[in-house]
Amino acid sequence: MRLATWNINSIRARADRALAFLEREDIDVLALQETKCKDAQFPREAFEAAGYEIATFGFSQWNGVAILSRVGLDDVEPGFLEQPQFGEVPAVEARALGATCGGVRVWSLYVPHGRALDNPHYAYKLAWLERLRQHAVDWVAADPAAKVALVGDWNVAPRDTDVWDMAVFEGQTHVSEPERAAFAAFADAGYTEVSREFIPDERKYTYWDYQQLRFPKNEGLRIDFAYTSPALTPLVRGVTIDRDERKGKGASDHVPVILEIDDSQVSA
DNA sequence: ATGCCCCTCCTAGAGGGA
């Protein structure tokens, strides 16, 4: 099974790119972030015609997550239990969507950005990650055989080498110690960030700003990751970053991360 | 060329992104 995650930065602006990606990379399950549309606005028809079932979670132009699958799509959960809220009138945001696809419990995650270290969004980000981590612990405690994939835009650069110039990011979000600790806590819980296992090299980024020739100069960030539960980790045969997807007119500022999973042992 | 910001929405300037 080939499972991909991609912050697409508007599914309506890039439905054609998404369709081409699914076909080119032979993708079975695609977790999307920043779909930037309400459920009713999601361009379902083209993906259904290509053989995918679709679950969406979006209710405004902000955020939005989705899962497309051609290997089953069951037990859809928009958001996780007691997901931290944000806003003047606190509300759950469309940043997490769970579904079981081909025997794998997939969570498409768009972790809050944080904005600035002294911004309320930053405390929200840390609380959001911690609540998710508690669930991640509970899921494998309840069922050690659970095959869980926590994939998406984590908005954390775990290492100094995951940003193109630490001097630029010093004192900003994504690189602070509490964010890195919140990210690392998933590994303490027994999950493995498999992109690092297969791609340990430096300067292997998943995001490049649209401005100032960041992509041609390979000045990017590595912030899109895939944590897998203990039962799923040994089934991951490979991980790739589809860097070429950043090329050309109309690219998202993020590229897909693709997992090859041995599903010969996984019942659909 | 991988190429000099892009998405959204009460269409026009602002909010959000990282």
Side-chain angles (χ1 to χ4, degrees), chain A residues 5-18 20-21 24 32-43 56-66 86-89 91 93-95 109-126 128-129 152-180 182-183 203-225 240-257:
Chain A
T5 181
W6 188 10
N7 179 323
I8 196 165
N9 185 21
S10 170
I11 185 61
R12 287 177 293 172
R14 268 176 270 288
D16 51 349
R17 271 200 180 245
F21 166 73
R24 181 176 75 244
L32 292 168
Q33 300 88 40
E34 283 212 87
T35 52
K36 290 189 170 178
C37 68
K38 302 173 186 180
D39 291 336
Q41 297 173 312
F42 196 98
T56 64
F57 182 31
F59 41 76
S60 73
Q61 73 265 45
W62 308 121
N63 315 307
V65 282
F86 189 77
E88 251 180 69
V89 180
E93 297 184 307
R95 293 179 176 276
L109 304 169
Y110 179 44
V111 175
H113 175 285
R115 295 180 187 167
L117 300 186
D118 60 356
N119 191 297
H121 211 256
Y122 178 77
Y124 167 55
K125 177 181 193 173
L126 295 177
W128 201 96
L129 282 167
D153 176 0
W154 290 74
N155 269 323
V156 177
R159 300 181 181 178
D160 286 358
T161 50
D162 292 332
V163 303
W164 59 275
D165 182 358
M166 259 308 286
V168 170
F169 289 88
E170 207 72 61
Q172 298 190 242
T173 62
H174 294 60
V175 299
S176 73
E177 189 281 326
E179 288 165 280
R180 288 176 169 175
F183 183 84
R203 291 176 64 79
K204 297 295 185 184
Y205 303 125
T206 63
Y207 163 91
W208 299 260
D209 198 297
Y210 286 118
Q211 303 182 63
Q212 297 180 265
L213 295 170
R214 291 295 182 222
F215 180 58
K217 296 195 285 198
N218 195 30
E219 295 178 343
L221 305 178
R222 186 166 178 175
I223 52 176
D224 299 87
F225 296 106
T240 53
I241 296 170
D242 186 12
R243 190 177 186 282
D244 286 350
E245 179 50 48
R246 184 65 177 79
K247 296 178 180 177
K249 193 172 168 60
S252 170
D253 42 4
H254 295 250
V255 294
V257 177

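All figures in this text were calculated on a predicted structure; none of them were measured in a lab. Below, chain A is the first sequence line, B the second, and so on; all start at residue 1. In what follows, every heavy atom counts, from backbone to side chain, and hydrogens, waters and symmetry copies are set aside.
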Whole-angstrom distance between B:dG13 and B:dA18, as gauged at atom P: 26 Å
Nearest whole Å is fine: how far is B:dC6 P from A:Q211 CD? 9 Å
Pairwise P distance, B:dG16 and B:dC10 [rounded to whole Å]: 15 Å
Heavy atoms under 4.0 Å, any strand shown: does A:Q61 hit a base, just sugar-phosphate, or nothing? sugar-phosphate
Does A:K38 have more than 12 heavy atoms from other residues, nucleotides or ligands lying within 6.0 Å of its NZ? no
Expressed in whole Å, how much space separates the P atoms belonging to B:dA12 and B:dG17? 25 Å
What integer distance in Å separates A:L213:CG from B:dA1:P? 15 Å
Taking only the side-chain nitrogens and oxygens of A:R115, find out if one of them lies under 4.0 Å from OP1 or OP2 of B:dG17. yes
Roughly how many Å apart are B:dC5 and B:dT11, using the P atom of each and rounding to a whole number? 25 Å
So what does A:Y110 hit on the nucleic acid, given a heavy-atom distance under 4.0 Å: a base, only sugar-phosphate, or nothing? sugar-phosphate
Kindly point out which of B:dG16, B:dG17, B:dT2 is positioned nearest to the side chain of A:E34? B:dG17
Expressed as a whole number of Å, how far does the C1' atom of B:dT8 sit from that of B:dC4? 23 Å
A:R246 CZ to B:dC5 C1', straight-line distance once rounded to whole Å: 9 Å
Quick one: is A:N7 getting a side-chain N or O under 4.0 Å of the B:dA18 phosphate, OP1 or OP2? yes
Picking from B:dC9, B:dG16, B:dA18, which would you name as closest to the side chain of A:D153? B:dA18
Which class fits the ring pair A:F86 and A:H121: parallel under 30°, tilted 30 to 60°, perpendicular over 60°? perpendicular
Counting any heavy atom closer than 4.0 Å, what does A:N155 reach on the DNA or RNA strands: base, sugar-phosphate only, or nothing? sugar-phosphate
Can you check whether A:Y122 has a side-chain N or O nearer than 4.0 Å to OP1 or OP2 of B:dA18? no
Is the count of non-hydrogen atoms from other residues, nucleotides or ligands lying under 6.0 Å from A:R24 atom CZ greater than 12? yes
Can you tell me if A:R14 touches the phosphate of B:dC7, counting only side-chain N or O atoms and a distance under 4.0 Å to OP1 or OP2? yes
Among B:dC9, B:dG17, B:dC7, the nucleotide that comes nearest once only the side chain of A:Q41 is considered: B:dC9
Could you work out which one of B:dA18, B:dG16, B:dC9 sits closest to the side chain of A:K36? B:dG16
Applying a 4.0 Å non-hydrogen cut-off, can you work out what A:G248 is touching in the nucleic acid: base, sugar-phosphate, or nothing? sugar-phosphate
Heavy atoms from C-beta onward define the side chain here; which of B:dG17, B:dA18, B:dT2 lies closest to that of A:Y210? B:dG17
In whole angstroms, how far is the C1' atom of B:dC6 from the CD1 atom of A:I11? 16 Å
When we call it a touch if two heavy atoms are under 4.0 Å apart, what does A:W62 touch: a base, just sugar-phosphate, or nothing? base
Using a heavy-atom cut-off of 4.0 Å across all strands, would you classify A:R214 as base, sugar-phosphate, or nothing? nothing
Run the side-chain hydrogen bond (donor to acceptor under 3.5 Å, both in side chains) check on A:Y210 and A:N9 step by step: do they pass? CA-CA 12 Å; A:Y210 286 118; A:N9 185 21; 3.1 Å; yes
Could you give the NZ-to-P distance, from A:K125 to B:dG17, as a whole number of Å? 10 Å
A:Y205 ring centre to A:R222 NZ or CZ under 6.0 Å, with the angle to the axis within 45°? no
Return the nearest nucleotide to the side chain of A:A13; candidates are B:dT8, B:dT2, B:dA18. B:dT8
Here's a test of your reading of the structure: between A:V111 and A:S10, which maps to the more 5' nucleotide of DNA chain B? A:S10
What is the distance, rounded to the nearest whole Å, between atom NZ of A:K247 and atom P of B:dG3? 9 Å
A:R180 vs A:D160, test: salt bridge (charged side-chain N to carboxylate O under 4.0 Å, His left out). Steps then yes/no. CA-CA 10 Å; A:R180 288 176 169 175; A:D160 286 358; 2.8 Å; yes
When you look at A:D244 and A:K247, which way does the salt bridge (charged side-chain N to carboxylate O under 4.0 Å, His left out) test go after all the steps? CA-CA 6 Å; A:D244 286 350; A:K247 296 178 180 177; 3.2 Å; yes
Atom pair distance, as rounded to whole Å: NZ in A:K249 and C1' in B:dG3: 12 Å
Please tell me if A:T173 has a side-chain N or O lying less than 4.0 Å from either OP1 or OP2 of B:dA18. no
Between the base of B:dA18 and the side chain of A:H174, is there a donor and acceptor pair under 3.5 angstrom? no
Phosphate OP1/OP2 of B:dC6: any A:N9 side-chain N/O under 4.0 Å: no
For the atom pair CH2 (A:W154) and NE2 (A:H174), what is the distance rounded to the nearest 0.5 Å? 13.5 Å
Using a 4.0 Å heavy-atom cut-off, does A:Y207 contact any base of the nucleic acid, only the sugar-phosphate backbone, or nothing at all? sugar-phosphate
note: A:Q212, atom CD; B:dG3, atom P; distance rounded to Å ~ 16 Å
